[in-house]
Amino acid sequence: MDAVRVALLREVLAGTEWLRATRRFAGALRSSVVPHGTLLLVGTEAYEPWHLAAHLTDEAAWSGLPELSPTLVRHRAEPGGPPHLSVGLGRLEAARRGETLLLVAPTRPADALLERVHDARRAGATVLALDGGDREVQGLVHESLTVTPDAELDLDTVQHLVSAAAGENTLPPRRGPGGFRDRLSRLADQLTAPPPGRW
């Protein structure tokens, strides 16, 4: 999703809780990461957030905030692969105070991952989650943004909004509320053409 589509989506969501929630979560992410410079990003065994990693890396470059560029922690890292694809779960064991761990978990993670996240928090890392509403995940983290399967937005869309907001230097002016479903329908009509950008 390119910047134009993010802007159109924000227009549709103006005045809704989604826009406020994604900006609040992005603000928490940015304020946690920027002073310290280490962001670890991990998903579940079934869901690897490589797309979010790519968008955060882009936002880091565009905003001049290299701290937003994450280290993608993988469940099946391949030895000898490219460095950015070779970081395994053992990296979570080394997480310490001053580091930030962002967990993306649309469904409940395996117990082994939850234990690693818990250990990272006990070691002093700040833990955030984009999650599907699992109570154990929410009990482990300092800040969460929940996207349930029946929500108006899907997890991929929310990740676009969060990454874009994390890289913003200033927040755009707020606009008044409108008919959410009417605006969402208009946006869907506008987005039927192939995207002009890379995503």
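Looking at heavy atoms from C-beta onward, L65 lies in side-chain contact with R30 at the 4.5 angstrom threshold.
S69 places no side-chain N or O within donor-acceptor distance of the main-chain N or O of P66, the cut-off being under 3.5 Å. Looking at T157, its side chain never comes within 3.5 Å of a backbone N or O of L153 through a donor-acceptor pair. Checked by atom type and distance alone, the side chain of R116 pairs as donor or acceptor with a backbone atom of L89 at under 3.5 Å. R108 places no side-chain N or O within 3.5 Å of a backbone atom of E136 that could act as its donor or acceptor partner. No donor-acceptor pair under 3.5 Å is formed between the side chain of R74 and the backbone N or O of S86. Between the side chain of R97 and the main chain of A125, no donor-acceptor pair closer than 3.5 Å is present. R96 places no side-chain N or O within 3.5 Å of a backbone atom of A123 that could act as its donor or acceptor partner.
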As a quick check of understanding, evaluate side chain to side chain contact (heavy atoms under 4.5 Å, CB included) for H75 and E48, giving each step before the final call. CA-CA 8 Å; H75 288 258; E48 186 170 77; 5.9 Å; no

Checking side-chain hydrogen bond (donor to acceptor under 3.5 Å, both in side chains) for the pair T146/Q138: CA distance, chi angles, key distance, verdict? CA-CA 9 Å; T146 298; Q138 294 179 349; 2.6 Å; yes

With side chain to side chain contact (heavy atoms under 4.5 Å, CB included) as the test, would you mind laying out the steps for L114 and L140 before giving the verdict? CA-CA 8 Å; L114 288 173; L140 285 177; 3.7 Å; yes

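Residue W50 is not grouped with residue L92 when hydrophobic side chains (ILVMFWY) are merged at heavy-atom distances under 4.5 angstrom, including chains of intermediate members. Hydrophobic clustering (ILVMFWY, side-chain heavy atoms < 4.5 Å, transitive): L113 and V127 are in one cluster. Following chains of ILVMFWY side-chain contacts shorter than 4.5 Å, one cannot reach V73 starting from L102, and the two form parts of different hydrophobic clusters. Linking Ile, Leu, Val, Met, Phe, Trp and Tyr whenever their side-chain heavy atoms come within less than 4.5 Å puts L72 and L29 in one cluster. Hydrophobic clustering of Ile, Leu, Val, Met, Phe, Trp and Tyr side chains at less than 4.5 Å, counting indirect connections, keeps L101 apart from L130.
Residue S63 comes nearest to L68 through the heavy atom pair OG-CD1, 4.1 Å, listed as atom of the first residue, atom of the second, then distance. Between E59 and S163, the shortest heavy-atom contact is CG-O, 3.1 Å. Residues T22 and A165 come closest through the heavy atom pair O-CB, 4.5 Å. The two residues P109 and L103 make their nearest non-hydrogen contact at CG-CD2, 4.4 Å. E67 approaches V33 most closely through the heavy-atom pair O-CG1, 2.8 Å. Residues E143 and F25 approach most closely at O-CE1, 3.8 Å, considering heavy atoms.
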Side-chain donor-acceptor pairs of residues 39-46 under 3.5 Å, sequence neighbours excluded:
from : atom 1 : to  : atom 2 : distance (Å)
T44  : OG1    : A46 : N      : 3.4
T44  : OG1    : Y47 : N      : 3.0

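For the atom pair CG (L19) and CD (E17), the distance works out to 9.5 Å, reported to the nearest 0.5 Å. Going from atom OG1 of T148 over to atom CD of E152 covers 8.0 Å, rounded to the nearest 0.5 Å. Taking CG of L155 as the start and CG of L52 as the end, the distance is 8.5 Å to the nearest 0.5 Å.
In this structure, E115 has no salt bridge (charged side-chain N to carboxylate O under 4.0 Å, His left out) partners at least two apart in sequence or on a different chain.
Between the side chains of T126 and T100, no donor N or O sits under 3.5 Å from an acceptor N or O.
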